[in-house]
Amino acid sequence: MAQLWGGRFTKETDKLVYDFNASITFDKKLFEQDIEGSIAHVVMLEKQGVLSLDEKDAIVKGLTQIRKDVEEGKLAVSEEYEDIHSFVEAVLTERIGEAGKKLHTGRSRNDQVALDMKLYVRGEVVTVAEKLQNLLEIILSVMEGSLTTYMPGFTHLQKAQPTTLAHHMGAYFEMFKRDVLRLHDIYKRMNYCPLGSGAFAGTTYPLDRSYTASLMGFEGPTLNSMDSVADRDYIIEFLSALSTVMMHLSRFSEEIIIWNSNEYKFVEIDDAFSTGSSIMPQKKNPDIAELVRGKTGRVYGALVSILTTMKGLPLAYNKDMQEDKEVTFDAIETVKNCLELFAGMLSTMRFNAKIMEESAMKGFTNATDAADYLVNRNVPFRDAHGIIGRLVLYCIEKNTSIDALSLEELKAISPVFEADIYEAVSLKTCVDKRLTIGAPGEEAMKEVIRINKGFLSQFWTKESEKF
Ligand code: ARG
């Protein structure tokens, strides 16, 4: 049991109480951020004349060495301490003596942990955005290669109208693009530094909060010290964005599971991303897609958990907020893993163009276009709808498709049909006539791909890593 307080206490902390209160088992994940924040803090304290140059140098050197030793495995983060802040301060003082005890001047663990968590989340916002970028690039390359890969589009999971694989993939591109943009928004809104807020009322030291903020790449200091130690909105926003990412991944997974089934065979998941059954030798299961779909609930859970923790809290800091960490860490790791595995599965998946096209030809997906054919020849739409309905029924009875009927059979149902009907209801015509921006027609899709390439290059050149 090692803690930073005790002066006003006459009894030892009960062991159960100590363990219940301690957070080192999980907040040790904030080690890097704790060191970074402490270095910025003491550099500022020296600039402001609160610490001497020697003291600052000794502390910075000590902290840098501790970071190095932990990184190199020469120093283990000991779970004997209450939290990561106590561990760092204790090791520092042990190593450099008196100066170490000055590290916490003008600081409380309330603003310290607010900063550590913010630095951590900020870094993860960027990492998740990079993983999304990678996925977007994979989706875009599938799109480029599938502009004329015809497939049925569905509503109510019933074949509806023909589309292309590029168009279907493009829907996911838009979803993940919005996810990336959400992360950009969150980054901008959260990028203000809480350090210097003290326990909640600021401090009496002449701190230069703008300076510390700039040392750590923040836009500036937060503007209310009470809010600074009590704010976890950015975590909620991030978990909400991550929940949306998972919802998108889960929908995509669901489609891949359906497409990969024996009944559909639209895609084949690579062996490296499939698993077998212990009893049924013939099985090749889409476990990765199922797990991604399954893990979605866990990320939603993290969001609901923090919203619930925060809902009744009076200002300013309350210990309840320690509960922000484990679920957030878990949700972030989960999403990063899912994005990586999903990207691997998608980039190695084979699309069965022939089966997709045959499927589009079978399910009367050209029925709307057949009705439009009649409308273009002066049949009122409602009548055309009825005629094609009867035509579909006739086809179902004969187990055939509209384009396989003879012209006589077609004319028997409506004399308006002529030989050009076959061309009018071919998959290619059905798709290519849909040329408004956002539709599957080849030229429209090419324009969308051009715009989206611009999106990727605008946001994601390596030099402009800063949001
Ligand atoms: N472990 C605490 C947390 O995660 C750090 C802040 C503790 N502050 C305090 N006043 N006890 O929130």
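If you read the sequence from its start, that first residue is 1, and numbering goes on from there. One-based numbering, in listed order, for ligands and for the atoms of each.
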Mind listing the N or O contacts between ligand 1 and protein, cut-off under 3.5 Å?
unit_1, atom_1, unit_2, atom_2, d
ligand 1, 1 (N), S23, OG, 3.2
ligand 1, 1 (N), Q322, OE1, 2.8
ligand 1, 4 (O), K325, NZ, 2.5
ligand 1, 8 (N), N110, OD1, 2.9
ligand 1, 10 (N), N110, OD1, 2.9
ligand 1, 12 (O), Y317, OH, 2.5

Worksheet item: Which pairs count as salt bridge (Lys or Arg N to Asp or Glu O under 4.0 Å) when at least one residue sits in residues 157-169, sequence neighbours excluded?
Response: none

Worksheet item: Which residue pairs satisfy the salt bridge (Lys or Arg N to Asp or Glu O under 4.0 Å) criterion with at least one member in residues 334-347, sequence neighbours excluded?
Response: E124-K336, K131-E340, E333-K336

Worksheet item: Any donor-acceptor pair under 3.5 Å linking the side chain of H41 with the backbone of T105?
Response: yes

Worksheet entry | Steps toward salt bridge (charged side-chain N to carboxylate O under 4.0 Å, His left out) verdict (R182, D185) | CA-CA 5 Å; R182 251 185 287 281; D185 289 349; over 6 Å; no

Item to complete: Indicate yes or no for a side-chain donor-acceptor contact from D27 to the backbone of E82 under 3.5 Å, with no hydrogens or angles considered.
Response: no

Indicate every side-chain donor-acceptor pair of residues 194-204 with a distance under 3.5 Å to a residue at least two apart or in another chain.
unit_1, atom_1, unit_2, atom_2, d
S197, OG, P194, O, 2.7
S197, OG, S228, OG, 3.2
T203, OG1, Y205, N, 3.2

